[in-house]
Amino acid sequence: MTIVDVSGIGKGAVFLIKGEANLLFEAGMAYAADAMSEAIKREIGDKKLDAVLLSHSHYDHVAGLAKVREIWPDVKVYASREAQEILRRPGALKTIRRLSGEASEAAGLSWNSEYDDRELQVDVGLEDGETVVIGDHRVYAFATVGHTRCSMSYIVDDEVMLCSETVGVLGPGDAYMPSFLVDYLGAEESIRRSSQFSVRTIILNHYGPVDEADRNGIWDILLKKLKDSREAMISIMERFPDDDEALREMERVFHSRVDKKDQPDEAFYINAASMMKTLRRQFPECFVRGYQLIAAVDRNWAIGNQGRMLAVIPADQKLFRQETMGKIIVMGRKTFLTFPGGRPLDGRHNVILTKKEDWGVKGAVVCHSVKETLKQIEALKKENNLKNSDVFIIGGESVYREFLPYCSVAHITFIDFSYAADTHMVNLEKEGWKVAETSDEQTFFDLCYEFRKYERS
Ligand SMILES: NC(=O)c1ccc[n+]([C@@H]2O[C@H](COP(=O)([O-])OP(=O)(O)OC[C@H]3O[C@@H](n4cnc5c(N)ncnc54)[C@H](OP(=O)(O)O)[C@@H]3O)[C@@H](O)[C@H]2O)c1
């Protein structure tokens, strides 16, 4: 079997698998269709093109089909059932037409818009794990959801793997384009799934064959690049809370070295915005900010001893009640046990963490992990029309520590005394938090204390 890059313009977009039957992997951009079909003709002469295997339904992979059908009318187009469905929708076909025109204009190349949309449709819709015989080739199709929900990779004759963009797109040097538009976790899973097949040749989408020397390590490389890109994107989203600014920074990091003919800026922005949405959906814990924390600490940031508070100060209790009334309060089971009568605090949405699966309290939401707690908080916020700043982390030590990354404000009653203690708050000053407001010095019998409001700097 011989594999030839027949992209026509640029490279890495369309591949011809030659044999008794000739298969095309992808059909490329509209503006490259003439050059691509010439490249195919040079390879197969007057033999026919038997089939096109599409990895998904995006315009830069399917638009060349119209030209292919014009020259080889008997060709059969294969893709996932989901892609087959999408390519029947008038809206999708209209988008393909619009983006094809825009890409041609950006590349300064002409394209033929006089085609019938039906020429872009899929003849055979494949299921995940289905094998089809095309002439002398056996083609195994497997779903690689991540870039799109309709993405599919193929293995031809147990020898060649034709990968969808879901597993990642490599560029010149060490350039890499993350491509998990709709499902980051699906992309990780797709890389793991692909790694389980042993094949002689791996063709990466928008790239080409993986060098023999890299073949064994390629899946680890792609998984690492995928994870690194996730971290980089999350970090950009944290540094640039405005989405437009975040997109511009992502363009600089990921797209500045890409040939704009292959992916115009507009297409990059659409993809990056989709990845941002996916990250927010699949990793909500990375984006939560703005909870408040409330604690009474001594000079050493101690908070408790032998399951009890260090001091009971009425003005501190009053402040706690005022601040938290009507809000969501989040606590560990041990702090809950210090409440009067072992009951949730009234007038507030009590959320209690425990690892005990069979432990419950009437009138409180019980959670078993930080992740579950974040989800339950989101649900409570929605139900009660509350904001992140209406979420109060009320202790004890372990819960303060675990939820500190999600807090932006801390109300600290600072008691000017050193107690014998076994539980402590994180020393916020060592963590770089800054005092935004301080009360006058207060006294309660011989105790001196003040109310401080800290903000994350
Ligand atoms: N000064 C103050 O403002 C203040 C405020 C609150 C509390 N306190 C004091 O702090 C002390 C209690 O603190 P503490 O750290 O010992 O206990 P805590 O944080 O109140 O509760 C710890 C318990 O919470 C559960 N938990 C914590 N993280 C979890 C997670 N990620 N997943 C599932 N469960 C989780 C576990 O319950 P299970 O053991 O059931 O699994 C854990 O044993 C007491 O002395 C209390 O008086 C002081």
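Atoms considered below: every heavy atom in the structure, side chains included; atoms not considered: hydrogens, waters and symmetry mates. Just follow the structure's listing: the first ligand is 1, and inside any ligand the first atom is 1.
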More than 12 heavy atoms of other residues, nucleotides or ligands under 6.0 Å from CD of Glu212: yes or no?
no
Ligand-side contact atoms (ligand 1) for residue partner [X], heavy atom cut-off under 4.0 Å:
X	result
Ser369	32 (N)
Ala295	3 (O)
His368	32 (N), 33 (C)
Ala296	1 (N), 2 (C), 3 (O)
Val370	31 (N)
Ile394	5 (C), 6 (C)
Glu402	27 (C), 28 (N), 29 (C), 30 (C), 31 (N)

[X]/[Y] ion pair, N-O < 4.0 Å:
X	Y	answer
Lys375	Glu372	no
Arg452	Glu437	no
Asp157	Arg200	no
Arg280	Asp243	yes

Closest non-hydrogen protein atom to [atom], residue and atom name please, with distance?
atom	result
atom 22 (C) of ligand 1	Ser398 OG, 3.4 Å
atom 20 (O) of ligand 1	Thr335 OG1, 2.5 Å
atom 39 (O) of ligand 1	Arg333 NH2, 3.0 Å
atom 10 (O) of ligand 1	Ile303 CD1, 3.6 Å
atom 25 (C) of ligand 1	Leu353 O, 3.1 Å
atom 44 (C) of ligand 1	Gly307 C, 3.8 Å
atom 14 (P) of ligand 1	Glu397 N, 3.8 Å
atom 4 (C) of ligand 1	Met309 SD, 3.5 Å

Go through the side-chain N and O atoms of [X] and [Y] and say whether any donor and acceptor fall under 3.5 Å apart.
X	Y	value
Thr413	Asp316	yes
Glu130	Tyr140	no
Ser151	Thr144	no
Gln292	Ser408	no

CG-CZ distance between Leu279 and Phe287, expressed to the nearest 0.5 angstrom:
5.0 Å
Could you tell me whether atom 42 (C) of ligand 1 has a protein heavy atom closer than 4.0 Å?
no
Pick out which of Leu23, Val122, Leu54, Ile134 makes a side chain to side chain contact (heavy atoms under 4.5 Å, CB included) with Tyr78.
Ile134
Answer yes if the ring centres of Phe142 and Tyr154 are under 6.0 angstrom apart, and no otherwise.
no
Hey, does Trp359 sit under 4.0 Å from ligand 1 if you only count heavy atoms?
no
Does at least one non-hydrogen atom of Met331 fall below 4.0 angstrom from an atom of ligand 1?
no
Return a yes/no value for Ile294: is any of its N or O atoms, backbone included, closer than 3.5 angstrom to an N or O of ligand 1?
no
